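As structure tokens, the structure follows; a few thoughts come after it.
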Amino acid sequence: MLTAGTRVSQVTTSVPQLAVKAPSCLQARSGTKPLSQKALRSVQTSAWFNFGKPKAPPAKIARETVIPEPSYSLPIGLAGIAGLSGLEGNLALAGVTGFLGAFLAFQASRVQFVFDDEGLEVLIKSKDDKAEESENKFVGGQNRWSYDAFTNWEFWWKKFPVLVYFKETQTKPEGQIHFFPVLFKGDQLYDVMAERCGSSQNSGPTDE
């Protein structure tokens, strides 16, 4: 029991000393050297100038290459018209549609529409089944166009595609029109063109 005359120093000395241990994350690791003043200033300066700067955009992921599968629907349709025309005695129409159907069947086995990360390219399979670059017979130049150059494209017709049309500004600034028979599975061709060539800007054939 303390009396009024007990000195304060006696009270404080009677309280045991408590050892306070710093958290492990603040303790210095053995063998590590503290940063020099020069290195510390360099870190502080870098942090100051980088504060508030926008982060660099993430690296662009390349899109996979898509090659629509060949389709013989159009050549078969023409062959059917040729057969019916022959039965009806219209040999001229039968001959024309039969020849055209055979030609398109041959083209379907060798022509590829290749949609890579940057553009559309038309390739032709050689005898050894190797796809090679093709040249446009009408306007010249390689059959390859950047997606950014497309200004319009349409399907005749979506439910039974016969012809695909597109216009691009890569061949000439005022725009160049291209028509190709649809020798590929129409849904695959339509989906990849809608994804990479953008929406059609002009009115055109409907899918009805």
Side-chain angles (χ1 to χ4, degrees), residues 64-116 119-147 149-172 175-208:
E64 65 177 347
T65 298
V66 177
I67 304 176
E69 300 175 32
S71 172
Y72 294 88
S73 297
L74 182 56
I76 291 174
L78 289 171
I81 295 174
L84 293 175
S85 300
L87 292 175
E88 293 293 329
N90 191 340
L91 299 182
L93 180 60
V96 171
T97 53
F99 173 79
L100 185 57
F103 173 74
L104 292 180
F106 173 69
Q107 290 293 82
S109 67
R110 59 195 293 264
V111 176
Q112 289 183 332
F113 268 27
V114 180
F115 295 85
D116 59 25
L120 163 63
E121 183 170 9
V122 180
L123 300 181
I124 304 294
K125 287 185 179 180
S126 59
K127 293 182 180 180
D128 57 356
D129 205 35
K130 182 180 178 181
E132 299 178 346
E133 296 178 356
S134 63
E135 184 177 349
N136 195 298
K137 303 296 184 181
F138 298 98
V139 297
Q142 183 182 353
N143 279 323
R144 178 178 175 82
W145 307 276
S146 170
Y147 298 131
F150 279 72
T151 60
N152 186 38
W153 64 273
E154 301 289 352
F155 256 46
W156 278 272
W157 292 262
K158 183 180 176 182
K159 291 184 179 180
F160 187 81
V162 174
L163 201 64
V164 59
Y165 144 83
F166 62 87
K167 184 177 181 180
E168 45 82 18
T169 57
Q170 182 172 307
T171 303
K172 53 185 181 181
Q176 176 65 49
I177 293 175
H178 301 270
F179 291 94
F180 287 94
V182 178
L183 303 176
F184 322 96
K185 290 191 175 181
D187 56 343
Q188 297 180 5
L189 181 61
Y190 185 89
D191 289 345
V192 70
M193 290 192 72
E195 174 198 350
R196 305 194 179 183
C197 302
S199 302
S200 177
Q201 295 181 6
N202 300 329
S203 60
T206 63
D207 56 356
E208 299 179 354

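Note that the structure is predicted; figures quoted are calculated from it, not measured.
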Would you name the heavy atoms of [X] and [Y] that are closest together and state the gap between them?
X    : Y    : value
F184 : V111 : CE2-O, 3.4 Å
L104 : L78  : CD1-CD1, 3.6 Å
E64  : R196 : O-NH2, 2.7 Å
D116 : Y147 : O-OH, 2.7 Å
Y72  : A108 : CE2-CB, 3.7 Å
P75  : A105 : CG-N, 3.6 Å

Nearest-0.5 Å distance, [atom1] of residue [X] to [atom2] of residue [Y]:
X    : Y    : atom1 : atom2 : value
H178 : Y165 : NE2   : OH    : 10.0 Å
T151 : E168 : OG1   : CD    : 8.0 Å
T171 : N143 : OG1   : CG    : 8.5 Å
L100 : Q107 : CG    : CD    : 10.5 Å
D191 : K185 : CG    : NZ    : 12.5 Å

Any side-chain to backbone donor/acceptor pair from Q170 onto Q176? Under 3.5 Å, distance only.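 Such a contact is absent between Q170 side chain and Q176 backbone.
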Donor-acceptor contact below 3.5 Å, side chain W153 vs main chain A194: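 No: the side chain of W153 does not pair with the backbone of A194.
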Pair F115, L189 - check side chain to side chain contact (heavy atoms under 4.5 Å, CB included), show working. CA-CA 10 Å; F115 295 85; L189 181 61; 3.7 Å; yes
Evaluate the criterion side chain to side chain contact (heavy atoms under 4.5 Å, CB included) for residue pair F180 and L163; output intermediate values, then yes/no. CA-CA 6 Å; F180 287 94; L163 201 64; 5.8 Å; no
Do the rings of W145 and F166 sit parallel, tilted or perpendicular, given the 30° and 60° boundaries?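 Perpendicular: the ring planes of W145 and F166 meet at over 60°.
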Parallel, tilted or perpendicular: which describes the rings of Y190 and F155, with under 30° parallel and over 60° perpendicular?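 Geometry flag for F155 against Y190: perpendicular rings.
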Does the side chain to side chain contact (heavy atoms under 4.5 Å, CB included) test come out yes or no for V182 and L74, once each step is laid out? CA-CA 7 Å; V182 178; L74 182 56; 5.7 Å; no
Applying side-chain hydrogen bond (donor to acceptor under 3.5 Å, both in side chains), can you list everything that pairs with S146, at least two apart in sequence or on another chain?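 So S146 forms no side-chain hydrogen bond (donor to acceptor under 3.5 Å, both in side chains) with any residue.
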Those residues that, when tested against N90, pass side-chain contact (heavy atoms from CB on, under 4.5 Å) (two or more places apart):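 N90: side-chain contact (heavy atoms from CB on, under 4.5 Å) contacts with S85, A92, L93.
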Derivation and outcome, side chain to side chain contact (heavy atoms under 4.5 Å, CB included), residues M193 and V164: CA-CA 10 Å; M193 290 192 72; V164 59; 3.9 Å; yes
Check whether more than 12 heavy atoms from other residues, nucleotides or ligands sit under 6.0 Å from atom CZ of F99, and answer yes or no.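 For F99, atom CZ is not crowded (no more than 12 foreign heavy atoms under 6.0 Å).
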